[in-house]
Amino acid sequence: MKKFLLDLLDWIYKKKCYFCGSSKNSLKMCPQCYEKLQFSSISANRIILGVNIFACGYYKDIMQKLIRGVKYHNQKDLAFYQAKFMWEYWQKLNIKEIYTVVPVPLSDKRKKKRKYNHMELVAEEFCKLSGFNCDFEIIKRIKDTKPQYNLKRKERMENLKNAFEVLKVSDKPILIIDDICTSGSTFESMIIELHKKGIYNITCLATATVDF
């Protein structure tokens, strides 16, 4: 009944594409706009402490609006399209292992302010597509770090020092996911903490990179 009512409301109040404004498909992201997203090279963007870091696309144009919509503008429906793009890229890597998906955590203070962790939403959608399980309790952000975008790499690593704590160990390989990979410092800080607990089977996947 709930689905029927939601479908009825969608029919009455057609969804408009967040990107082009078209209501033709009654989707938050129409197929035409989704097709404009561009994959990056199907290879590791970088390797940090022996861990492959993959970036699925480029942080510009529609991709930039997609990520910012999910992250800052409460466009939670767009998490599906972000996850879909990441899953389609992941399939191209032809990696056969079954992973536990770990989204980069927010501090309690930031999550309370935003009211949600955007990467948890993406992780849930990614796991629906992949059949993987996600776990939000493996690693926690215990320090409310300042925003990274104006910091140089050395400053980023200092900002993130002791920011994460591993709470438990997974019996499966870990796939850490984030939205943007710039210097890779967030991934690196999490990898360091996981290594301290003897966890080495790790892969990192970002939606986009700023490296063109």
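This structure is a prediction, so every number in the text was calculated from the model and none was measured. Just so you know, residue 1 is the first one in the sequence shown, and it goes up from there.
One finds no salt bridge joining K128 and E124 here, because no Lys/Arg side-chain nitrogen approaches an Asp/Glu carboxylate oxygen to under 4.0 Å. By the 4.0 Å N-to-carboxylate-O rule, K71 lies close enough to D179 to be salt-bridged with it. Here D108 does not pair with R141 in a salt bridge; the nearest charged N to carboxylate O distance is not below 4.0 Å. At a threshold of 4.0 Å, the pair K111-E120 counts as salt-bridged, since one of the basic side-chain nitrogens sits closer than that to a carboxylate oxygen.
A44 and F54 make their closest contact through N-CE2, 3.4 Å (heavy atoms, listed as atom of the first residue, atom of the second, distance). The two residues I47 and N52 come nearest to each other via the heavy atoms CG1-OD1, 3.4 Å. Taking all atoms of both residues into account, the shortest heavy-atom contact from F80 to L129 is CE1-CD2, 4.4 Å. The two atoms that bring P105 and N117 nearest to each other are CA-ND2, 3.7 Å, heavy atoms only. Between K28 and Y81 the shortest heavy-atom distance is N-OH, 4.0 Å.
Between atom CE of residue M190 and atom CD1 of residue I176 there is a gap of 4.5 Å, rounded to the nearest 0.5 Å. Remark: N74 CG to D77 CG distance equals 9.5 Å, nearest 0.5 Å. Within the model, atoms NZ of K36 and CE of M29 stand 9.5 Å from one another, a figure rounded to the nearest 0.5 Å. Interatomic distance, K197 NZ to S170 OG, rounded to the nearest 0.5 Å: 15.0 Å. The line from CD1 of I62 to CD1 of I67 is 12.5 Å long, rounded to the nearest 0.5 Å. The CD atom of E35 lies 8.5 Å from the CG atom of L37; values are rounded to the nearest 0.5 Å.
With hydrogens and angles ignored, the 3.5 Å screen pairs a side-chain donor or acceptor of Y89 with a backbone N or O of S41. Between the side chain of R46 and the backbone N or O of S183, at least one donor-acceptor pair lies under 3.5 Å. For the pair S23 (side chain) and S26 (backbone), a donor-acceptor distance under 3.5 Å is absent. Between the side chain of D135 and the backbone N or O of E137 there is at least one donor-acceptor pair closer than 3.5 Å. A donor-acceptor contact shorter than 3.5 Å is absent between the side chain of Y59 and the backbone of C181. Side-chain atoms of N25 never come within 3.5 Å of backbone atoms of L27 as a donor-acceptor pair (strictly under, hydrogens ignored).
Contact annotation: the side chain of L49 approaches that of H195 to within less than 4.5 Å [non-hydrogen atoms, C-beta and beyond]. Taking 4.5 Å as the limit, some side-chain heavy atom of S40 sits within range of a side-chain heavy atom of Y58. Looking at E165 and I139, their side chains never come closer than 4.5 Å, going by heavy atoms from C-beta outward. Considering only heavy atoms from C-beta on, L78 comes within 4.5 Å of F19 through its side chain. In this structure the side chain of I174 never reaches within 4.5 angstrom of the side chain of Y99, judged on heavy atoms. A 4.5 Å side-chain heavy-atom check between C17 and K24 finds every atom pair outside the cut-off. Residues P173 and T203 form no side-chain contact, since every pair of their non-hydrogen atoms from C-beta on lies 4.5 Å or further apart. The closest side-chain heavy-atom distance from L93 to I42 is below 4.5 Å.
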Q | side chain to side chain contact (heavy atoms under 4.5 Å, CB included) assessment of I177 paired with V102 | A | CA-CA 6 Å; I177 67 168; V102 176; over 6 Å; no

**Q.** Stepwise side chain to side chain contact (heavy atoms under 4.5 Å, CB included) test for R68 and Q64
**A.** CA-CA 6 Å; R68 291 184 64 82; Q64 184 178 46; 4.0 Å; yes

**Q.** Stepwise side chain to side chain contact (heavy atoms under 4.5 Å, CB included) check, F132 with T100
**A.** CA-CA 6 Å; F132 298 164; T100 295; over 6 Å; no

Q: Show the numbers, then the answer: is there a side chain to side chain contact (heavy atoms under 4.5 Å, CB included) between V101 and N133?
A: CA-CA 6 Å; V101 179; N133 290 321; over 6 Å; no

Q: Please assess F39 against F85 for the test ring pair (Phe, Tyr, Trp, His ring centres under 6.0 Å), listing each intermediate value before the final yes or no.
A: CA-CA 8 Å; F39 290 116; F85 184 77; 4.5 Å; yes

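Screening K84, K92, Q91 against E88 for a side-chain hydrogen bond (donor to acceptor under 3.5 Å, both in side chains) leaves a single residue, K84. For the side-chain contact (heavy atoms from CB on, under 4.5 Å) with I180, the lone residue among V210, T207, T186, T209 that qualifies is V210.
Transitive grouping of hydrophobic side chains (ILVMFWY, heavy atoms separated by less than 4.5 Å) keeps I53 and Y200 in distinct clusters. No continuous path of ILVMFWY side-chain contacts below 4.5 Å connects F136 to M119, so the two sit in separate hydrophobic clusters. Linking ILVMFWY side-chain heavy atoms closer than 4.5 Å, directly or via other members, places L194 and I142 in two distinct hydrophobic clusters. No path of Ile, Leu, Val, Met, Phe, Trp and Tyr side chains, each step under 4.5 Å between heavy atoms, connects L121 with I138, placing them in separate hydrophobic clusters. When hydrophobic clusters are built by joining Ile, Leu, Val, Met, Phe, Trp and Tyr residues whose side-chain heavy atoms come closer than 4.5 Å, directly or via intermediates, I192 is grouped together with F164.
K76 NZ: more than 12 foreign heavy atoms inside a 6.0 Å radius. For K140, the NZ atom is loosely surrounded, since the number of other residues' heavy atoms within 6.0 Å does not exceed 12.
Not a single side chain to side chain contact (heavy atoms under 4.5 Å, CB included) links K113 to another residue, sequence neighbours left out.
With no hydrogens or angles considered, a side-chain donor-acceptor pair links N94 and K96 at under 3.5 Å.
A cation-pi contact, defined as under 6.0 Å to the ring centre and within 45° of the axis, links K65 to Y18.
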